[in-house]
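Accompanying notes for the structure given below.
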Amino acid sequence: MIRTEQREIDLENAINLYVNKFEKSSPSNFDEYSPYYVFTNEPLQQLIDLVDLSTYKKCLSVLAGGDIAFSLINKGFKQVDTFDINRLTEYFALGFKKRAIELLSYEQFLELFNYDFHALFNNQLGTNQALENYVISNMDKEYKNFWMGYKYGLKEKGYNPSVFHMGVNYILKDIKYRKQLSYLNCAEDYKTFQKKLINSTINFKPLDIKDIPQKLNSYDFIHLSNILDYSYLLYPDSRKAVNEGIKLLTEIYNKNLTSEGLIIITAILPRFISSLVWNRNYADLLKKYPIENFYEIETHGIKKKRNIVLK
């Protein structure tokens, strides 16, 4: 659980980020304090249906908007460890969104999360504030104090804030249409997931992906989403980006993946995956999953083979 001192630091940074978002520019870098995803931009339901998870017990995923962890729990995991460079993901995904699922009916959840993005973009309320405040009032103490302080602090500055104002937009109706999330397929699936979520544990550590080899233990299933893509944002030289990405992935493979374990990587920018596929160290460990109707998104699994150490 978050310490009160850390929560106060996070709150100050969140308020400053909000003001900068609407008064100066819309920040897009992935940093310690950044806007967060409201929903996944990946075909999680398709992927999880294609991957045999039955032999995996200990899993790690990037937190983002929480949907990878939620999907793994819906598939049967009782505990999911998560990480993210962005500290605000914990307050949104585990503080707000998780509690919303636990508290609200299927219809209420859809109403709350099917917000008016265009109103929010113009710093107007486009959400059901009664439901939003109900969720906040029923959070664990530090999450509740964060969101109450966030709203109060911004109202003092003349804003009328919502939890969703800091979200990166993904339209709920598109998520449902593409069937990206199994827990939102229908009311019955949602109720089943609610019970699983209440009886599960999601742990979180605020970490950059580069810290995983030194600061986390071993897992037999690791979902890295597409965060390796952002090597291209860190290094102007594309060859250096590929080399650094492969170096990091090799460390994670060797230090954090158990024998017979599996790493999932998704590419929104296929250049990195293409370079990785042709890398001699990984060529015989990769499997491409056939994801339909998702344009250029590619999803690959790296299966660890017994006694193979990558150089």
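Keep in mind that the numbers below use all heavy atoms, side chains included, and drop hydrogens, waters and symmetry copies. Sequence positions, counted from 1, serve as the residue numbers for this chain. Only a predicted model underlies this, so the values are computations on that prediction, with no experimental measurement involved.
The local environment of NZ in K215 is sparse, with at most 12 non-hydrogen atoms from other residues, nucleotides or ligands closer than 6.0 Å. Around atom CD of Q214, more than 12 heavy atoms belonging to other residues, nucleotides or ligands sit under 6.0 Å away.
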- So H165 and Y18, ring pair (Phe, Tyr, Trp, His ring centres under 6.0 Å) or not? Walk me through it. CA-CA 8 Å; H165 273 134; Y18 183 104; 5.5 Å; yes
- Show your working on side-chain contact (heavy atoms from CB on, under 4.5 Å) between T299 and I265 and close with a plain yes or no. CA-CA 6 Å; T299 302; I265 52 176; over 6 Å; no
- Query: Please walk me through it: do I136 and M148 pass side-chain contact (heavy atoms from CB on, under 4.5 Å)?
  - Reply: CA-CA 7 Å; I136 291 172; M148 290 180 67; 3.9 Å; yes
- Message: Run Y143 and R7 through side-chain contact (heavy atoms from CB on, under 4.5 Å) and show every step you take.
- Response: CA-CA 8 Å; Y143 295 145; R7 188 248 301 160; over 6 Å; no
- Query: Between S162 and E132, is a side-chain hydrogen bond (donor to acceptor under 3.5 Å, both in side chains) present by the stated rule, with each step listed?
  - Reply: CA-CA 8 Å; S162 164; E132 183 174 319; 2.8 Å; yes
- Message: As a quick check of understanding, evaluate side-chain contact (heavy atoms from CB on, under 4.5 Å) for D284 and K305, giving each step before the final call.
- Response: CA-CA 10 Å; D284 62 343; K305 294 187 178 181; 4.3 Å; yes
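Panel note: side chain W147, backbone Y91; a donor-acceptor pair is recorded below 3.5 Å. In this structure a side-chain-to-backbone donor-acceptor pair under 3.5 Å is present from D52 to S54. Under the 3.5 Å distance criterion, the side-chain polar atoms of K304 are matched with a main-chain donor or acceptor of Y253. The backbone N or O of I101 lies less than 3.5 Å from a partner atom in the side chain of Q194, making a donor-acceptor pair. Judged purely by atom type and a 3.5 angstrom limit, K196 uses its side chain to pair as donor or acceptor with the backbone of N74. For the pair N114 (side chain) and L110 (backbone), a donor-acceptor distance under 3.5 Å is absent. The main-chain N or O of K195 is found under 3.5 Å from a side-chain atom of N199 such that the two form a donor-acceptor pair. A donor-acceptor pair is defined here as one N or O able to donate and one able to accept, closer than 3.5 Å; such a pair exists between the side chain of N133 and the backbone of Q129. Of the possible polar contacts, one joining the N86 side chain to the S34 backbone as a donor-acceptor pair under 3.5 Å is found. K303 places a side-chain N or O within donor-acceptor distance of the main-chain N or O of E260, the cut-off being under 3.5 Å.
Every side-chain contact (heavy atoms from CB on, under 4.5 Å) that N138 has, sequence neighbours left out, goes to L103, Y134. Residues meeting the side-chain contact (heavy atoms from CB on, under 4.5 Å) test with K78, sequence neighbours left out: none. Partners of T201 under the side-chain contact (heavy atoms from CB on, under 4.5 Å) rule, at least two apart in sequence or in another chain, are Q79, N203. Applying the side-chain contact (heavy atoms from CB on, under 4.5 Å) criterion to Q108, with sequence neighbours excluded, gives L104, S105, L131.
Close placement of the F96 and F164 rings is indicated, their centers lying within 6.0 Å of each other. Aromatic ring centres of F109 and Y190 lie closer together than 6.0 Å. Centroid-to-centroid, the aromatic rings of F77 and Y56 stay 6.0 Å apart or farther.
Nearest heavy-atom pair, F92 versus V163, reported as atom, atom and distance to 0.1 Å: CD1-CG1, 3.7 Å. Here the shortest heavy-atom pairing between P213 and E251 reads CG-CB, 3.7 Å. Among all heavy-atom pairs drawn from S137 and K144, the shortest one is O-NZ, 3.7 Å. Taking all atoms of both residues into account, the shortest heavy-atom contact from N41 to Q180 is C-NE2, 3.8 Å.
Between Y106 and D189, the side chains place no donor N or O within less than 3.5 Å of an acceptor N or O (distance only, hydrogens not considered). Side-chain atoms of T250 and Y282 include a donor-acceptor pair closer than 3.5 Å. No side-chain donor-acceptor contact under 3.5 Å links T266 and E298.
Tested against L262, the residues I302, D220, V51 include a single side-chain contact (heavy atoms from CB on, under 4.5 Å) partner, V51. The only option from N256, T258, D81 that meets the side chain to side chain donor-acceptor pair (under 3.5 Å) definition with Y219 turns out to be D81. For the side-chain contact (heavy atoms from CB on, under 4.5 Å) test with F221, the passing option among L257, L53, I263 is L53; the others fail.
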Compile the donor-acceptor pairs under 3.5 Å between side chains in residues 57-65 and protein atoms, sequence neighbours left out, one pair per line.
none

For residues 66-73, please give each side-chain donor-acceptor pair under 3.5 Å, one per line with the distance, not counting sequence neighbours.
residue : atom : partner : partner atom : Å
D67     : OD1  : K97     : NZ           : 2.9
D67     : OD1  : Y183    : OH           : 2.7
D67     : OD2  : T40     : N            : 2.9
D67     : OD2  : K97     : NZ           : 3.1
S71     : OG   : D67     : O            : 2.8

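A salt bridge links K98 with E102: the closest approach of a Lys/Arg side-chain nitrogen to an acidic carboxylate oxygen falls below 4.0 angstrom.
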